[in-house]
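Remarks on the structure that follows.
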Number of protein chains: 2
Amino acid sequence: MAPKRYPGGMTMPAADWLRLDQQICFSLNAASRAFGGVYRVVLKDLGLTYPQYLVMLVLWEHGELPVKKLGEHLRLDSGTLSPLLKRLEAAGLVRRERSARDERSVRVRPTGEGVALRERAVEVPRRIAAATGFDLAELQDLRSRLERLTTALDGAELPETAGRG
Amino acid sequence: MAPKRYPGGMTMPAADWLRLDQQICFSLNAASRAFGGVYRVVLKDLGLTYPQYLVMLVLWEHGELPVKKLGEHLRLDSGTLSPLLKRLEAAGLVRRERSARDERSVRVRPTGEGVALRERAVEVPRRIAAATGFDLAELQDLRSRLERLTTALDGAELPETAGRG
DNA sequence: CACAATTAAGTTGTGCACAACTAAATGGCG
DNA sequence: CGCCATTTAGTTGTGCACAACTTAATTGTG
């Protein structure tokens, strides 16, 4: 369908806005889940889910982190991470132990098995990248757009329905 | 961090691939969830979750559909849709009834209340678009990239770990 | 018509995301 | 020191995504 053009400050009919919105949120949602599906297949060998893989990536890079820091890297809170880390620990890939210096903090680090898994994970990015059909430059470009989008969305001051300005 | 360049067919160190991959999957995941957060706030007024809103968008556009068709529009199966539709029905927004012509099929259509909700939903896209900080052209462009990505990911023949080509 | 294969919806179980809450430890401040 | 606000994990409850399965209706084929 050819995209209609609304030059300048011209407003779009409400029905079209709803259709446009549909396109955008559908496509983002669909892309995200399509990605998830590909990761699921690729990560099956490693016995990891996609979010677990993300956690392991951070741990491979940083070695050991408190749950809090892990959550900052991943934008996840303890409500998501606690059970996930428990499963990773049950799988023998990480160890969790209370920090002696600050008993509130729990430090997470990969076990030997967890570190060893990295060897088998190095091929994952290549396979994923291949599945996208995008070249490196396109992926980098898309990444930067998505990061810009995320920053904007996080910082967005949502206008009220019927405002107190 | 300045992006390193690897011209031609030159291979990238495995560690860098893992880092790059982190960037891409992190950014997609983060963008998707950031979007979800904004929708959550905006849709709170309407009493809808984000996936419920997507369902209502399809129903507003098509009026009445069997669960199967709904799933094709949304790339969702009955395992996701059945409970979601049950909640929408409990909220009085849709009705579900077995098709007389084909007793396997359940047709879903918005109730009067469901149709009426559309009036209050028309402002949603504008608020979301505003929160992204992107203009219409940028959003359209991003959408087309994401659709291309989804198509590629869906059709991807994932190379085996150690393949029988 | 009988019967196997297919199709549609729903159910069950696992895992993730997130809000709201609890519990315990820490850090200030009077 | 005593006490309270803050910080860090964890828990609980709801909802979504998806795989695997069940049930029932339909279709195709001999």
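Predicted model only: the values in this text are computed from it and were never measured. Any value given below was found using the heavy atoms of this structure, including those in side chains, with hydrogens, waters and symmetry copies removed. Each chain gets a letter, A, B and so on, in the order the sequences are listed, and its residues count up from 1.
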Salt-bridge present (A:E138, B:R148; N to O < 4.0 Å):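 Between B:R148 and A:E138 there is a salt bridge, with a charged N closer than 4.0 Å to a carboxylate O.
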Have a look at [X] and say if it touches a base, only the backbone sugar-phosphate, or nothing, with a 4.0 Å heavy-atom cut-off.
| X | answer |
| --- | --- |
| A:P83 | nothing |
| A:L81 | nothing |
| A:R107 | nothing |

Please report the distance, rounded to the nearest Å, between [atom1] in [X] and [atom2] in [N].
| X | N | atom1 | atom2 | answer |
| --- | --- | --- | --- | --- |
| B:L28 | C:dA17 | CG | P | 13 Å |
| B:D77 | C:dT11 | CG | P | 14 Å |
| B:F35 | C:dA17 | CZ | P | 18 Å |
| A:L43 | D:dC18 | CG | P | 15 Å |
| B:E103 | C:dT7 | CD | C1' | 15 Å |
| A:E89 | D:dG10 | CD | P | 9 Å |
| A:L88 | C:dG15 | CG | P | 11 Å |
| A:L48 | C:dG15 | CG | C1' | 13 Å |

Go through the steps for A:E72 and A:K68 under the test side chain to side chain contact (heavy atoms under 4.5 Å, CB included), then give the verdict. CA-CA 6 Å; A:E72 284 168 9; A:K68 186 70 193 309; 3.5 Å; yes
Which residue lies toward the 5' end of DNA chain C, B:K44 or A:D102, if each is placed at its nearest nucleotide?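 Nearest nucleotide further toward 5': that of B:K44.
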For B:K68 and B:N29, take the nucleotide of DNA chain C holding the closest heavy atom to each; which residue's nucleotide lies nearer the 5' end?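 Comparing both residues, the 5'-ward one is B:K68.
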Aromatic rings A:Y53 and A:W60: how do their planes relate, parallel, tilted or perpendicular, breaks at 30° and 60°?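 Ring orientation, 0 to 90° scale: perpendicular.
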When you check the phosphate oxygens OP1 and OP2 of [N], does a side-chain N or O of [X] lie under 4.0 Å from one of them?
| X | N | result |
| --- | --- | --- |
| A:R98 | D:dA9 | no |
| A:S105 | D:dA9 | yes |
| B:S78 | C:dA9 | no |
| A:R40 | D:dA19 | yes |
| B:S82 | C:dT11 | no |
| B:K86 | D:dG15 | no |
| B:R104 | D:dT27 | no |

Criterion side-chain contact (heavy atoms from CB on, under 4.5 Å) against B:L70, the qualifying member of B:L85, B:L84, B:L54, B:L76: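 In the set B:L85, B:L84, B:L54, B:L76, the residue that makes a side-chain contact (heavy atoms from CB on, under 4.5 Å) with B:L70 is B:L85.
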Take A:R107 and A:R96 through the test side chain to side chain contact (heavy atoms under 4.5 Å, CB included) and record every step on the way to the result. CA-CA 6 Å; A:R107 305 190 66 83; A:R96 291 183 300 161; over 6 Å; no
Value rounded to 0.5 Å, distance of OG in A:S105 from CD in A:E97: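 Nearest 0.5 Å value for the OG-CD distance: 11.0 Å.
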If you assign each of B:R101 and A:G79 to its closest nucleotide in DNA chain D, which residue comes earlier from the 5' end?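 The answer here is A:G79.
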Map B:T49 and A:V67 onto DNA chain D by nearest heavy atom, then report which one ends up closer to the 5' terminus. A:V67
